[in-house]
Amino acid sequence: MPGDTHAAPHGMIRMGMAVAPAVFAAIFLAACVTGGREPAARGPVPVPRREFRGLWVATVNGIDWPGAAGLSPEELAARADAILDAAARTGFNAVMFQARPASDAMYDSAIEPWSSFLTGVQGAAPGNGFDPLAYWVDAAHGRGLELHAWINPFRAGTPSVTSYDPASPVVARPELVRDLGGTGYKWIDPGASGAVGYVVDVVRDIMARYDVDGIVVDDYFYPYREFLAPGASFPDDGPYSAWLRSHPRAEGDPDSRGAFRRSRTELFMRGLAAAANAAKPWLRFGASPFGIWRPGYPEGTVGKDSWAETHADARAWLRAGFLDYLAPQLYWPAARTAQSYPLLLGWWQREAVVTTAVWPSLRRNFPVPADAPESDASTFDALAKNEAVSQLMIERAFSPESPGMLFYGATAILRDEAGIATGLREGPFVERALPPELARAAGPLPSVPAVTSSRTEDGSIELRFEPAVGIRGWALFGEDLAKLAAFVPVSEPTTSFTTGAPVWASAMDRFGRLGPAARIKLP
């Protein structure tokens, strides 16, 4: 995307989402009424706030992580933990980890080489068998966060990669790869025979071997013009000519090459959606295209034409309904008339005529200019904080049924740049939220959870949940079944409280659905 070039939360709860002491105090007083003396009661299905809150973690050139090449496994883990702690503390419930930045791997791939952004040398593995994606998945799940593998679909190389490993498609599959005129960028040609299947197989391998909760594809389908040499065009004459021979009616149409390219990107997206649904029906599949579909849509919009430049017809994808969510990159302030955030968001929302959710991708706006007087810094920071909060509130107003957003990027949240993390945590994220249910969820709801409680030597209350198949974890509530108190991930089925304990628990399945609540008997 243009944005990538341009320890668990603590407090009153040991695992899952942190909860304010005052909330726990109220929960504790209510819970002490039963004190474990009455049999556990079956309750209704809870209805807590639902909102997708995703945080982008860019790895190309080490932007957000790892930050530098050649770090030890301990340093890599510590930096991952710091980002995940910041995400959970702020109130995010998902992270979008860039697992494949440029036809390379931030994981132990069976197909492509280790990324040079990890060790400095493409193909060189991190030490001690450390697998970044496996670590990020486990560490995110341990904090109650979804982990989506962020895939850059067709970028094969960047100027920062000086040597390509034999497993890179640049070397191993040269018939698929195009050099972009000496700019240092290399690209898998979506129109080349076998290219779409190759990339789908790479992602299928990720889904088969890692417990990811989603796959999200960014906007690098065909390259932006700035990746090409001046005056150059993408070199796909061979595949285009072959396509024309099988589409003779397109001959002479000035947009025939564009139509060919868009057919290839849609073929890829449909193929990946089918692979995702076949591999794991509960997996969220999304895309994050450039924020402008075409200039003039909506009226008055100017800027890049992603339909004609990257050949991503994201409006057609929305209308076809094979995505779970679309996250257009709306990286402009609300008041900019030529690229108006609310007008663009409204246009994308109206195009979602079936079940696809539209969750805009936002980023920090108004960075302090390098030549700005020091006295101006606070003004720019205030604008950035207010813009982020305001844009999220606008999104909620546009999409009350299935609200959500993705924020680029993790470094701004980790450092609390401009106070944005604080603004989100104390403002729109003050109430914790579970991700929305998947529209295609099927089958029975999760069963009532089996949970036992005990009091430890230090006086805290410990809850232990019995293992259950097909669930992500357990949502905990006080007397109000519309207010989420905490979330206990299935990977950490034991949690303890020092000043209070929840009253109700409900299991959540991989589709995001909650089952009937069980009243917790306390010692």
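This is a predicted model, so every value here is computed, not measured. Basis for what follows: all heavy atoms, side chains included, without hydrogens, waters or symmetry-related copies.
Relative ring orientation between Trp359 and Tyr325 is described as parallel, the plane-to-plane angle staying below 30° on a 0-90° scale split at 30° and 60°.
Under the 4.5 Å side-chain criterion, counting only non-hydrogen atoms from C-beta, Asn152 is not in contact with Pro101. You'll find the side chain of Val389 reaches within 4.5 Å of the side chain of Pro428, heavy atoms only.
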- [ ] Starting from the C-alpha separation in whole Å, work towards a yes-or-no answer on side chain to side chain contact (heavy atoms under 4.5 Å, CB included) for Leu392 and Phe429.
- [x] CA-CA 10 Å; Leu392 177 53; Phe429 286 179; 3.3 Å; yes
Open item on the list: ring-ring contact (aromatic ring centres under 6.0 Å, His included) for Trp65 and Trp136? Distances and angles first, verdict last.
Closed with: CA-CA 11 Å; Trp65 187 91; Trp136 275 86; 5.7 Å; yes
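Checked for salt-bridge contact, Glu492 and Arg143 miss the test: no charged N lies under 4.0 Å from a carboxylate O. Ionic pairing of Arg89 and Asp416 is not present here: no N-O contact between side-chain nitrogen and carboxylate oxygen is shorter than 4.0 angstrom. Taking 4.0 Å as the cut-off between side-chain N and carboxylate O, Arg294 and Asp305 count as a salt-bridged pair. Taking the charged nitrogens against the carboxylate oxygens, Asp381 and Arg364 do have a contact shorter than 4.0 Å, which makes a salt bridge. Salt bridge status for Arg53 with Glu146: absent, with no side-chain N to carboxylate O gap under 4.0 Å.
A donor-acceptor contact closer than 3.5 angstrom links the side chains of Glu75 and Ser72. A donor-acceptor pair shorter than 3.5 Å can be found between the side chains of Asn61 and Ser160.
For the ring-ring contact (aromatic ring centres under 6.0 Å, His included) test with His148, the passing option among Phe52, Phe97, Trp56 is Phe52; the others fail.
For Phe221, the ring-ring contact (aromatic ring centres under 6.0 Å, His included) test picks out Trp317, with sequence neighbours left out. Listed by chain and residue number, nothing satisfies the ring-ring contact (aromatic ring centres under 6.0 Å, His included) test with Trp504 (two or more places apart in sequence, or in another chain).
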